[in-house]
Number of protein chains: 2
Amino acid sequence: MARLPVYLRALHVLAERGVATVSSEELAAAAGVNSAKLRKDLSHLGSYGTRGVGYEVEYLVYQISRELGLTQDWAVAIVGIGNLGRALAGYGGFASRGFRMAALLDAEPGIVGEVIAGLTVEHIDDLETVIKDNGISIAVLAVPAAAAQPVCDRVVTSGVTSILNFAPVVLSVPDGVDVRKVDLSIELQILAFHEQRKAGGPSGVEEEYLEAVEGQ
Amino acid sequence: MARLPVYLRALHVLAERGVATVSSEELAAAAGVNSAKLRKDLSHLGSYGTRGVGYEVEYLVYQISRELGLTQDWAVAIVGIGNLGRALAGYGGFASRGFRMAALLDAEPGIVGEVIAGLTVEHIDDLETVIKDNGISIAVLAVPAAAAQPVCDRVVTSGVTSILNFAPVVLSVPDGVDVRKVDLSIELQILAFHEQRKAGGPSGVEEEYLEAVEGQ
DNA sequence: TCGTGTGAATCGGTTCACAGCA
DNA sequence: TGCTGTGAACCGATTCACACGA
């Protein structure tokens, strides 16, 4: 589930420090969750802990990696090589976790041909070919809002079944295609909401109903 | 709550198209949620719809904006002006939603002094002064993982109470400080998990327990 | 009549608390 | 003894379904 990557990161840190064994209490603290939740999450994978002792770090890393599908190699394409696309292309955390940046695509002639992180940016006209030839099943969309749906349609037609969307639009996709959305503006708006509550609620309005609202 | 920004975005699109009124059904479709959920969410803000008709777009935009605190001006600092920081600094969606990029900070001498989106990058040594002088209450951290906690401590000490963290670490902050985390690598890992399930589950293991797992 | 607003039912996820095993 | 694994209680959020009002 969605917290396994967080546990995995914490475990990697522990492993680097040479820690061989963790209790659910310790790992939960490192991951920022409570220990009962962590144990329940891990129990879904199987019974990989030892009662009275804890979990063996290396073994748990392997089990979680396998569960998440990180023991295989995923070819990823990034479409849209603006600042955000570049940030993603250059982010080291991907390669070390089973992800391989296999293609960068952009529509801008000034950007096509540029070499970023060892990859040459290709023209978006070649999108279909590039995706099929590289066996890409995951696409990252870092394109302008107006381009997002058309590009989405094209990558889906080419065989992509998982999309990470940074454009501020709700994409529509066929069944069987997963979309995750990261919207930087929405994150800020949620912070502003909390910030405002700290400052005393919306100006000039009763605050009662505010109690009913919000979690994370 | 966390979906209001999504509704707001959809409403802005409708307003631009000149739509005066929407039903919960239509707005829910545009926002990608179901209509009962949308109505329940909106009812927390008050009774702003008309039975038999729907919601007046402009009025609802205003009410949601006020609820989210977007009718006031929030000064935001971005710390870490790599590709990601630049992408954030240049993202137009902020300014139009009550957010004002008030400061850019970096540790790299080659970057300090650079002008991005009309702002001069300042040195991180001046962080405390810059935050206090500009009345900044929201900070965006786009720094390397190792720098995140120290920078976080400094912005909190300077008076920041909301943090949007892009570094892949769990930040620890005092009570009263909100942290939201965006982790690009985790998003991809979650996609990989789903992708793997489509392909038939983790190699060599029974799939039964997989049924118990995962939502979005 | 039509669509909002909302009790009531439902669902899923979190937390509690302890039985069971190393 | 100490900590995992898990049934049971709990809690919030989602969905259903319809009364109510424009």
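Every chain is numbered from 1 and lettered A, B, ... according to where its sequence line falls, protein lines coming before strand lines. Quick caveat, the model's predicted, so the values are computed rather than measured.
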Length of the [atom1]-[atom2] vector between [X] and [N], whole Å:
X	N	atom1	atom2	result
A:N34	D:dT6	CG	P	17 Å
A:K37	D:dG12	NZ	C1'	13 Å
B:H44	C:dG7	NE2	P	12 Å
B:L45	C:dG5	CG	C1'	13 Å
A:L38	C:dC16	CG	C1'	16 Å
B:D41	D:dT14	CG	C1'	10 Å

Short N/O separations, protein against nucleotides 2-4 of chain C, under 3.5 angstrom:
from, atom 1, to, atom 2, distance (Å)
C:dG3, O4', B:G52, N, 3.0
C:dT4, OP1, B:S24, N, 2.5
C:dT4, OP2, B:S24, OG, 2.5
C:dT4, O2, B:R51, NH1, 3.4

State the CD-CG distance between A:Q189 and B:L4, to the nearest 0.5 angstrom.
->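 Here the rounded value is 9.5 Å.
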
Under the side-chain contact (heavy atoms from CB on, under 4.5 Å) criterion, do B:S162 and B:R180 qualify, and how do the steps go?
-> CA-CA 8 Å; B:S162 291; B:R180 289 191 68 84; over 6 Å; no

Is any N or O donor-acceptor pair between the side chain of B:K40 and the base of D:dT14 shorter than 3.5 Å?
->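 No.
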
Who passes side-chain contact (heavy atoms from CB on, under 4.5 Å) against B:V53, sequence neighbours left out?
->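 Testing B:V53 for side-chain contact (heavy atoms from CB on, under 4.5 Å), a comparison that skips the adjacent residues, returns B:T21, B:T50.
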
Classify the side-chain pair B:R39/B:S24 by whether it contains a donor and acceptor separated by less than 3.5 Å.
->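 Yes.
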
N/O donor-acceptor pair under 3.5 Å between B:Q63 side chain and B:Y48 backbone |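 Side chain of B:Q63 to backbone of B:Y48: no pair is present.
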
May I have all residue pairs that pass salt bridge (charged side-chain N to carboxylate O under 4.0 Å, His left out) and include part of residues 143-167 of chain A, sequence neighbours excluded?
->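 Every salt bridge (charged side-chain N to carboxylate O under 4.0 Å, His left out) pair that includes a residue of residues 143-167 of chain A, provided the two are not neighbours, is A:E128-A:R154.
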
